[in-house]
Structures are given as C-alpha cells and as structure tokens.
Number of protein chains: 2
Amino acid sequence: MSKQSNVVPRPTLRRLAMYLTHMQQLREKGVRWVLSQEMAEALCLSSSTVRQDLTHLDFSGTSRRGYDTEQLAQVLHKELGADQITHMAVVGAGNLGRALVLHGELEKHGLIVVGLFDSDERSVGKKVAGLTVEPVKKLPAVIRNRHITVGIMAVPGSSAQQVANTLVAAGVRGLLNLAPARVCVPKHIALVEASIIPSLQELVHLMRATDR
Amino acid sequence: MSKQSNVVPRPTLRRLAMYLTHMQQLREKGVRWVLSQEMAEALCLSSSTVRQDLTHLDFSGTSRRGYDTEQLAQVLHKELGADQITHMAVVGAGNLGRALVLHGELEKHGLIVVGLFDSDERSVGKKVAGLTVEPVKKLPAVIRNRHITVGIMAVPGSSAQQVANTLVAAGVRGLLNLAPARVCVPKHIALVEASIIPSLQELVHLMRATDR
DNA sequence: TAGATTGTTAATCGATTAACAATC
DNA sequence: TAGATTGTTAATCGATTAACAATC
C-alpha cells in the first residue's frame with residue numbers, strides 16, 4: 001500500500017524506462033502475464049536484477065504467474081512521470097535542437113517542448129514545427145510564463161556551463177545535457193547526461209580494447 | 001612505458017572524454033599545467049577520482065606541478081580513438097538521423113558518417129549533406145565496401161532489435177543505440193546507450209523524487 | 001499437495017573515496 | 001629542506017548476483 005523508501009538507484013531508474021517500453025510491446029501482442037525470467041531474457045538482464053528493480057515500485061507480482069503486464073505498465077508510467085505533462089525548453093536551434101522539437105514521440109510520454117532558444121541572431125525568428133526560435137535573453141521570462149521545468153541543452157560544449165547557469169537561474173528543476181561537456185549544477189537540480197560525442201568516444205575505445 | 005592493464009571501467013571512460021574537452025578548453029586559454037584539484041572543481045568530481053582515472057593512461061603527472069595539459073590532451077585523444085578515422089553508418093533517416101549526418105563536430109573526433117539508411121521507401125534516394133539515403137537491404141554490402149565499423153541506431157524502439165541484428169550480422173563491431181528500447185548483442189560487440197526519451201524519463205523521476 | 005516463481009536477505013563484485021607514502 | 005601534490009593502497013559505499021524462504 002504505502003510507497004517504498006522511494007530512493008530509486010540511477011541504474012534501476014534507467015531500467016524502469018526499458019521495462020515500460022517492453023510492457024507496452026507485450027501488451028500490443030496481447031500478452032497478459034510475464035515472468036521475471038522472460039523479462040530478463042528480452043532485455044539482457046538477470047531475473048534477479050528484474051525482481052530487485054521491481055521492489056522499488058508500489059506493485060507486486062504473483063507467485064507462479066509473474067507480473068500483470070497492464071498493471072506493471074501503469075505503475076511504471078506513473079513512476080516515470082508520464083501521467084503528468086512536463087513543459088520543456090530546448091536551448092540551441094541547431095540540427096539536434098530542431099530534431100528534438102520535431103520529434104513526435106516526446107508527447108506520448110507527457111513531454112512537450114514549449115520553447116526553443118538560440119543565441120545566434122540569425123536563427124531567431126525562424127519557425128520550427130510551430131515554435132519560433134527566441135533569443136536566449138528572453139529565456140528567464142519564458143521559463144516563468146510557460147511553466148517550464150526542464151531545460152534541454154543542445155549547444156556547443158564551450159557554452160554549456162553558461163547555458164546551464166542561465167537555465168538554473170531562470171528556475172528549471174531539471175537539465176538534460178546533450179552538449180559534449182560536463183556541467184556543474186547545484187545539487188537540488190536534477191541532471192542527466194546524454195551527449196552523443198562522448199558516447200561515441202566511449203564506444204570507439206571499447207572496440208579498440210576488445211581488439212587486443 | 002608499457003600500457004596499464006587496459007581494462008578501463010565504463011564510468012572512468014565517460015570521464016576521460018570529459019577530461020579531453022576540458023584540456024582542449026584549457027589549452028585554448030593558454031594554460032600549461034593543471035592540478036587534479038582544479039580539474040575536479042571544474043568537472044564536479046573529487047580530486048581522488050581524477051587521479052584514479054588518470055592511472056589508466058600511459059601518462060604521469062608531476063608532483064607539485066600537476067598535469068601537462070598538452071600531453072594529457074594528446075594521450076586522451078589517442079586513448080579515445082580520435083587518432084584514427086572511424087567509419088559509421090546511421091540507420092534511420094528521421095529528424096535525429098539526419099541531424100547526426102549534418103552534425104559538423106563529429107569529424108573533429110575522427111568520426112565520419114559514410115552511410116545513411118532507412119526502411120521507408122519514400123525517404124530512399126533523398127540527399128542529406130552529400131549522403132544519399134539508401135534502403136536497409138543494401139546495408140550488408142555497404143558496411144563491407146565502406147569499411148564501416150560502427151552502427152548508429154536512430155530508429156523507433158519497435159524495430160531497434162531487428163536493426164541491431166542486421167548491423168551485427170553485417171559486421172559492425174560497435175553500436176550506438178539512440179532508440180528508446182534496450183537491445184541485446186553478442187558480447188564481442190561494443191554497445192553504448194544514449195537514448196533521449198529514457199534519459200528524459202529518468203530526469204522527470206529525479207525531479208519528482210526531490211519534491212517529496 | 002507439489003512445484004515453480006516471487007520477494008527478500010546475504011554474499012559478491014566493482015567503483016568511489018579517504019588516507020598516506022613517494023616525489024618533486 | 002619544507003611543503004604540497006601525485007600515485008597508490010586500503011576502506012567505504014553501492015549495485016548486482018546468488019540463494020532461499022514465503023507464496024500461490
């Protein structure tokens with residue numbers, strides 16, 4: 001009945017998102033029940049990890065039958081905040097920033113881009129899928145007026161920290177950093193890194209390492 | 001002289017990429033030496049973590065002076081594979097896939113997109129920055145002919161596993177998964193996940209959790 | 001009931017942090 | 001030399017895995 005202690009470890013959190021997409025796929029196929037062992041196989045995990053992860057949810061399985069896919073999908077949906085609308089701002093109207101605005105999948109998860117900013121005068125005023133690129137100096141006012149709680153940074157590495165500071169000062173409570181540079185934020189601000197270049201560098205190293 | 005044991009832990013690897021961009025920024029400013037403590041502050045780490053990480057490199061600092069920024073940049077550059085050209089294929093010519101092809105920064109790191117594929121007939125033949133979108137069925141031949149070693153998956157979650165299988169069968173040795181679904185690959189294939197939607201779900205959860 | 005699967009507890013593994021000896 | 005910083009070793013922390021009792 002009452003929620004678990006509520007501090008979901010980060011690695012678990014990432015897997016919860018995977019469980020949700022997997023449940024949605026199973027439900028489309030009409031599968032009602034799934035075993036921890038089956039989930040583990042589908043997602044390259046151990047069944048132990050799956051069961052441990054699910055203890056963080058306000059949810060239980062049934063011995064010998066496994067987990068109700070619909071119920072699990074619902075609980076995960078809520079746990080990952082998809083039951084509420086989140087307003088986001090994208091900073092950086094380059095190729096990546098524009099791609100995000102055009103990305104239709106976000107809305108399915110309650111995520112809406114309601115602001116697009118760029119520091120380059122020349123791109124200000126351009127339209128991207130119904131949104132107009134606005135200058136970064138308008139950011140603080142827009143963040144407040146449109147109730148934006150998440151900032152997505154799609155800027156060059158050299159300006160990443162400065163943009164992060166601006167967003168935090170404007171009042172966002174979470175940052176997704178897509179820039180190829182680490183940023184520092186106060187610890188009450190949630191930060192997730194998903195930069196592509198560092199990920200590719202990691203990948204290339206792993207490939208070399210297995211060579212030898 | 002001889003390389004360290006050469007199994008760089010993943011968390012360390014991610015930080016090595018950060019150290020490299022930081023070194024490049026310092027060098028632009030003309031900074032010759034940097035202390036582990038200074039690096040730690042700039043990147044929100046502990047100096048202990050920085051020193052531990054650097055032990056994985058074929059490189060040493062100097063007591064009381066710190067690390068030579070140029071030398072460290074060089075060693076990191078090499079360690080992360082930027083000294084060699086890596087040919088990559090992007091699968092999925094949607095907004096994200098096209099943004100990657102147009103992303104000018106990749107080449108600075110020795111990363112070149114030499115193939116762009118899509119399963120949708122309608123986008124086949126279109127040009128994106130000098131590359132022509134090719135049908136997925138040509139993938140195996142192209143991977144071989146153009147010496148492609150990395151596959152970047154920018155496809156819907158529902159087709160992610162199938163695309164991964166195709167890429168692996170075609171002979172790539174590393175995969176960057178940008179699709180919102182976990183994929184399984186044989187263990188000799190390097191895999192890095194950098195999907196945006198799961199990252200945003202993680203972020204939204206973290207924001208909620210700190211609320212309470 | 002018997003048997004298989006969950007939920008949970010304990011053991012293992014790996015990464016981070018702390019502490020300090022070696023070094024410049 | 002004295003003092004501060006690196007490199008390294010040991011202690012701590014956290015996540016994963018293994019094992020098993022509870023449950024259906």
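This one's a predicted model, so the numbers in the text were calculated from it and none came from an experiment. Order of the sequence lines sets the chain letters (A, B, ...), proteins ahead of strands, with each chain counted from 1.
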For A:Leu206 and B:Val8, run side-chain contact (heavy atoms from CB on, under 4.5 Å): C-alpha distance rounded to whole Å, both residues' side-chain angles, the deciding distance at 0.1 Å, then the answer. CA-CA 9 Å; A:Leu206 290 171; B:Val8 184; over 6 Å; no

Check the pair B:Val150, B:Val172 against side-chain contact (heavy atoms from CB on, under 4.5 Å), reporting the backbone distance first and the verdict last. CA-CA 5 Å; B:Val150 167; B:Val172 302; over 6 Å; no

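A:Arg98 places a side-chain N or O within donor-acceptor distance of the main-chain N or O of A:Ala93, the cut-off being under 3.5 Å. Using a distance-only test at 3.5 Å, with no hydrogens or angles considered, a donor-acceptor pair links the side chain of B:Ser199 to the main chain of B:Ser195. In this structure a side-chain-to-backbone donor-acceptor pair under 3.5 Å is missing from B:Glu41 to B:Glu38. A:His109 contributes no side-chain N or O that, together with a main-chain N or O of A:Leu111, makes up a donor-acceptor pair within less than 3.5 Å. In terms of modelled atom types and a separation under 3.5 Å, the side chain of B:His205 and the main chain of B:Glu202 share no donor-acceptor contact. Put simply, the side chain of A:Glu193 never gets that close to the backbone of A:Arg182: no donor and acceptor are under 3.5 Å apart.
Electrostatic pairing of B:Asp83 and B:Lys78 does not count as a salt bridge here, judged by no charged N lying under 4.0 Å from a carboxylate O.
No hydrogens or angles considered: nothing links the side chains of A:Glu28 and A:Gln24 as a donor-acceptor pair under 3.5 Å.
Nucleic acid contact class of B:Gln37 (heavy atoms, under 4.0 Å, all strands): none. Looking at heavy-atom distances under 4.0 Å, A:Ser47 makes no contact with the nucleic acid at all. A:Ser48 comes within 4.0 angstrom of a base, heavy atoms only.
Residues from residues 61-77 of chain A that place a heavy atom under 4.0 Å from any atom of DNA chain C, listed by number: A:Gly61, A:Thr62, A:Ser63, A:Arg64, A:Gly66, A:Tyr67.
The outermost nucleotides of DNA chain D lying under 4.0 Å from heavy atoms of chain A, listed 5' to 3', are D:dA15 to D:dC24.
The strand DNA chain C forms stems, runs of 3 or more Watson-Crick or G-U wobble pairs with distances below 3.5 Å, at C:3-24 with D:3-24.
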